[in-house]
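Report on the structure given below.
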Amino acid sequence: MAEAKAWLLPLDEQLMAAIGEYELTRFITDAQLYPVPGAPAHCKQVCVWQNQLLPVVDLLVWLHGTAPAADTRPIIAITAYHAPSDTLPHYGALALSAAPQQVLVDDDQACALPATPARWRRIAVSCFSQQHRPVPIIDLGTVFSDALLD
Amino acid sequence: MITGSFISDYSILSYTALQLGQHLLLLPESEIVAVIEIEELMPTADGTDQAIGMLRFEDRFWRIYNLDSDFRPTPDADGERRHCALFEDSGQACGLLCDASSKISRNAITTNPIAACMHTSDLLFTAVGLWNGQLVCLTNAQRLSALLTRSDQDVAHG
């Protein structure tokens, strides 16, 4: 039975996503966010991290296809991922509703993706059950690519 | 993604920063013909595009546009915007209303290309940066002109 550490990323009180242990670089509770005019609804802000401006993706907005909340969500996770054409790590931020939580996941927890929101299928690589709730494991390379631009 | 040549274009020594509400839009200073204060605009000849009016400057007529808070052309003139940046691209003489303008040295800002997840086809700018704690958006006359032309065509075709 294989085990691996993962980070649970709360998107709201109902939805969580998960990423690998080494994909979470930092968690910031009071991030300064800058609105970007004309940017897509799920990615309307950038944050500063190590002298770079990183996109802040609000998965909740994208999953539900809704407009972002008027108030900013200053809780963000800085994540690292590899783009297919590049060996160097890339960084992007995810908007969260609460602090990430590290968990140990084993193969027995594998489960089917939740039927809704249907868009999980476009970004999830697998799914596991955590306290009777399905938690999709997301592919950060897809999340921060142009694949979510409908 | 941004083209490498734009980010690393060291021929750009400084930018003209146009204040548009809460945002700053930067164009290479060399591409701005003039920034003038406007009193009154003449109506456009046909009125079938997004231009909010015209003005005469140095014996030429310039079509004047306004952008909304998402940097999209709007036919609504903002009465508070009394400045206008004039620029040319491919023989087209255009102007963009702004609240104010200033000059920013290229060395004063560090820019980042727009991330792929943010880069919609109609996004006006190709890079962002910070200047004095404010987000700045970098574009050029060609991209701005293309946006205005597309917008005019959308209006003309209903």
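First the proteins, then the strands, lettered A, B, ... as listed; each starts at 1.
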Exercise for the section: Might you point out which heavy atoms bring A:L149 and B:H119 nearest each other, and give the distance in Å? Expected result: CD1-O, 3.5 Å
Handout entry: Residues, nucleotides or ligands: over 12 heavy atoms within 6.0 Å of B:Q142 CD
Key = no
Practice task
Supply the atom-to-atom distance A:L140 CG to B:C117 SG, rounded to the nearest 0.5 angstrom.
Solution key: 11.0 Å
Problem - Contacting region of A:V36 [heavy-atom separation from chain B under 4.5 Å] - result: both
Practice task
Tell me, for B:S69 versus chain A, whether the close heavy atoms (under 4.5 Å) come from the side chain, the backbone, both or neither.
Solution key: backbone
Practice task
Drop me the distance from B:M118's CE to A:F144's CZ, to the nearest 0.5 angstrom.
Solution key: 10.0 Å
Practice task
Taking the side chain as every heavy atom from C-beta outward, state whether B:Q22 and A:P37 have any atom pair closer than 4.5 Å.
Solution key: no
Exercise for the section: Please indicate whether B:Q134 has more than 12 foreign heavy atoms, meaning atoms of other residues, nucleotides or ligands, lying under 6.0 Å from its CD. Expected result: yes
Practice task
Among B:T110, B:T111, B:I114, B:L135, find the one that has a side-chain contact (heavy atoms from CB on, under 4.5 Å) with A:L53.
Solution key: B:L135
Handout entry: Contact leader toward chain B among A:S145, A:A39, A:P55, where contacts are heavy-atom pairs under 4.5 Å
Key = A:S145
Exercise for the section: Sort out for me which of B:L130, B:T120, B:L67, B:V128 touches chain A most, counting heavy-atom pairs under 4.5 Å. Expected result: B:L130
Handout entry: Single-linkage hydrophobic cluster, 4.5 Å side-chain cutoff, B:L26 and B:L86 together
Key = no
Handout entry: Enclosure of B:R82 CZ (heavy-atom neighbours >12, cutoff 6.0 Å)
Key = yes
Exercise for the section: Grab the two heavy atoms, one from A:K44 and one from B:D70, that are nearest each other, plus how far apart they are. Expected result: NZ-OD1, 3.6 Å
Problem - Hydrophobic cluster membership, A:V135 vs A:L60, 4.5 Å side-chain cutoff - result: no
Problem - Neighbour count above 12 (heavy atom, 6.0 Å) for A:Q131 CD - result: no
Exercise for the section: Using the rule that two of Ile, Leu, Val, Met, Phe, Trp, Tyr join whenever any of their side-chain heavy atoms come within less than 4.5 Å, decide whether A:L59 and A:I137 are in one cluster. Expected result: no
Exercise for the section: Please flag which part of A:H42 lies under 4.5 Å from any non-hydrogen atom of chain B: side chain, backbone, both or neither. Expected result: side chain
